[in-house]
> 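Structure below; questions to follow.
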Amino acid sequence: MPFLRSLNSLQLKAATHADGPLLVLAGAGSGKTRVLTSRIAHLVKNKRVAPSSILAVTFTNKAASEIRERLTALIGDKTKEMCVGTFHTAGLRILQEEATEAGKKTKLTIFDDEEQLLLVRLIMSELSLDEKDVPSKMILYEINLAKNNNMGAAEYRAASDDSLSRTAAAVYEVYQKKLRAMNAVDFGDLISEPIRLLESDPGVLNKYSSRFRYILVDEYQDTNRSQYTLTRLLASKHSNLCVVGDPDQSIYGWRGANLKNILNFRDDYPEAVVIKLEENYRSTKNILSAANSVIRNNSERLDKTLWTANHAGDAVHYEECLNEYQEARFAVNRVRKIITENPTAKYRDFVVLYRTNTQSRTFEELFFEEGIPYNIVGGFKFFDRREIKDTLSYLKAITNPDDSLNFLRIINVPPRGIGRAAIEKVHAISRDFDLSLYESFRKAVADSAFSRGGVAEFMGIFEAMRQEAGELPIHEFTSRVLIRTGYLAFWSAKKTEDADERLKNLDGLVASIKNYEDSHPKATIADYLNLVALMSDADGFNEKHNKVTLMTIHSAKGLEFPYVFLTGLEEGLFPHKRSIEEESVEEERRLCYVGMTRARRQLFLLSAKNRAAGKETNLQIRSRFIEEIDSEHLNKVELEPKGTAEEHMEKIRRLLNP
DNA sequence: GTAATATAGCTTTTT
DNA sequence: GCTATATTAC
């Protein structure tokens, strides 16, 4: 088979491994995705495995569609029958299928982090908990962590031993009750609810564990306890579980990822075959050696050394810059220089990587000023904008009126005279009669509880929209909602500059929904909403545009670029201050390793001596990661120690050109 | 009782 | 720089 011929012997061994558990320890750039797709193609083409009995789980939708694309090239239309997606999409599908089976509502709403936080705050005020005593974000963090560890509210309560976790336990219990009443799930539920179904019902377990004869999990080093449990359950019948990952690239510990899942794979499956892929096909010798010299400093790791037959290439370049502005300036100059000197280099060959999203601003400003095309991935997302969130809230409330949270969000948006007092009145009804907010409002209107007609009028519009929801195409329906609710008129009436921008964004939303409908003719509003909820930052990356990419190192996982700028290499920023406080610098080092190994030809490491933080500017110390790189692979350009004159010039420059 | 306006507070990484 | 909360105006 041609797709097997291009593999090296170890890749081939992994791709053609017969039945039984398989662990592939795949270093950066060792052809991991190739092994995954070749293995699936081999199963379907050579082993005559039905595509519908294969489940492939990836970390992002982007990675899933990449696998799909590559597979379509290898095995054609059969790819459509396969189940390829993230843990969350797989979980959602199980929940929907089982709900249909049980004759229950299938339209569940997925709550994003903002909705989660809103719900936590709501519960905290009901329990008379003060934000100042216990921050809601901390409570939510605890709840999410518990869910990632597959701990239900009762189990979490039993394990809580300090005041914070006892408070969190109390909120968690109400939180879960409310989610169920609202027919909503959060990200954690998309994994833990399927687990609950599989564990409580042998019939369900038998059904899914029989269905998926072959299971493949990518980025296994970043799975958490819940994902691990779900995987184990699904693989329990056939044990044809192939997991691929690299412990050195585990960068989601803060989200509950557990390195033990991959390190202890053999404890769970003693018969597992382990294959190490240590040949890197991506980077130059210098880049790889530099990356190896950094990751070597971690104590908790499996022994593994990546090597490459590629050229030595240029030494890794380290440039110490005066400030974040000069850091961006260096990147701009270097992009220009390389593009002029090398006719094959294109803007799309470059990426600027940073630790925190806020760092993108300086780069964005300068790239814009200098006319260099760029594309920011993640960060401030289109779907995070107020006007977009409001519109989606409307759609959520209309399609799922049990969703009191989103109903509450939009009841007085735009302002229509339904304020605190009115809401509190209806809130009391919902408590007394155990009704959703929507039902309570209906009851209040029916009982003529409001003297003025504002509420009744709005409820009339809301009912009418519910009627229309199934009758119109989604994008037309969305336009109708924006008009009938007065939302469009609200922004049109405002004369501020940002109102214009918001109206444009709303047009953009309707256009993007139309786009979606054209490619998914059978999709419902709920399908669209679920898709948006499960979209990830990295999904916004488009390699077809000829632009320089700007993104966080986290988003860059799994990607590669000929030229990489790894920026902000300063103590407190990278490694981040909080990781130093929490003694999790090893994860930051892995993150640095991930960043460095994205580069194919040339790697630039940048740091700023002065960095603006809010109102003041801090003197920065260069990152320990720079010091860890063997000097033979590093070309250091440092600032003159007596840089006062230059610093002075720079200050004047900034004053003249703010 | 509700809407518009001023102020404080925060900004690690994200399915 | 931008959003949730507190204060003031209608």
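Each chain gets a letter, A, B and so on, in the order the sequences are listed, and its residues count up from 1.
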> Is there a side-chain contact between A:Asn148 and the phosphate of B:dT15, meaning an N or O under 4.0 Å from OP1 or OP2?
no
> Given atom NZ of A:Lys425 and atom P of B:dT2, what is their separation to the nearest angstrom?
10 Å
> Measure from CG on A:Leu117 to P on B:dG9 and round the result to the nearest Å.
18 Å
> Which part of the nucleic acid does A:Ala422 contact within heavy-atom distance under 4.0 Å: base, sugar-phosphate only, or nothing?
sugar-phosphate
> Tell me whether A:Lys147 forms a cation-pi arrangement with A:Phe187, defined as NZ or CZ under 6.0 Å from the six-membered ring centre and within 45 degrees of its axis.
no
> Taking only residues two or more places apart in sequence or in another chain, which ones pass side chain to side chain contact (heavy atoms under 4.5 Å, CB included) with A:Glu365?
A:Arg361
> Could you check whether any side-chain heavy atom of A:Val57 comes within less than 4.5 Å of a side-chain heavy atom of A:Thr86, counting everything from C-beta outward?
no
> Indicate, with a heavy-atom threshold strictly under 4.0 Å, whether A:Phe59 touches base, sugar-phosphate, or nothing.
sugar-phosphate
> Mind running ring-ring contact (aromatic ring centres under 6.0 Å, His included) on A:Phe407 and A:Phe462 for me, showing each step along the way?
CA-CA 10 Å; A:Phe407 190 82; A:Phe462 194 79; 5.1 Å; yes
> Out of B:dA3, B:dT13, B:dT15, which nucleotide sits closest to the side chain of A:His554?
B:dT13
> Closest to the A:Thr358 side chain: B:dT13, B:dG1, B:dT11?
B:dT11
> Other residues, nucleotides and ligands only: do more than 12 of their heavy atoms fall within 6.0 Å of CZ on A:Arg93?
yes
> Is the base of B:dT13 stacked against the aromatic ring of A:Trp254, taking ring centres under 5.5 Å apart and planes under 30° as the test?
yes
> In whole angstrom, give the distance that lies between atom CG of A:Asp113 and atom P of C:dT3.
15 Å
> Grab the CD-C1' distance between A:Gln221 and B:dT13 for me, whole Å please.
15 Å
> Under 4.0 angstrom, heavy atoms only, what part of the nucleic acid is A:Lys137 near: base, sugar-phosphate, or nothing?
sugar-phosphate
> Choose from B:dA4, B:dT15, B:dT13 the nucleotide whose nearest atom is closest to any side-chain atom of A:Thr356.
B:dT13
> Would you please confirm or rule out a distance under 4.0 Å between OP1 or OP2 of B:dT14 and any side-chain N or O of A:Asn357?
yes
> Taking any heavy-atom pair under 4.0 Å as a contact, classify A:Asn412: base, sugar-phosphate, or nothing.
sugar-phosphate
> Measure CD1/A:Ile143 against P/B:dT15 and give the value in whole Å, please.
20 Å
> Go through C:dG1, B:dT13, B:dT2 for me and flag the one nearest to the A:Ala421 side chain.
B:dT2
> So, is A:Ser555 near the phosphate of B:dT14, with a side-chain N or O under 4.0 Å from OP1 or OP2?
yes
> Is there a side-chain polar atom (N or O) of A:Lys494 under 4.0 Å from OP1 or OP2 of B:dA3?
no
> Which comes earlier along DNA chain B counting from the 5' end, the contact point of A:Arg420 or that of A:Tyr252, where each point is its nearest nucleotide?
A:Arg420
> Whole-Å distance between B:dT14 C1' and A:Met535 CE?
13 Å
> When you match A:Glu587 and A:Phe490 each to their closest nucleotide on DNA chain B, which lands nearer the 5' end?
A:Phe490
> Is the cationic atom of A:Lys557 (NZ for Lys, CZ for Arg) positioned less than 6.0 Å from the six-membered ring centroid of A:Phe59 and within 45 degrees of its normal?
yes
> A:Tyr141 has an atom OH; how far is it from atom P of B:dT13, in whole Å?
13 Å
> Base, sugar-phosphate alone, or nothing: which one does A:Arg416 contact when heavy atoms must sit under 4.0 Å apart?
sugar-phosphate
> Nearest whole angstrom, please: distance from the C1' of B:dT15 to the CG of A:Leu145.
15 Å
> Measure from the side chain of A:Pro415, starting at C-beta and using heavy atoms only, and say which of B:dT15, B:dT14, B:dA4 lies closest.
B:dA4
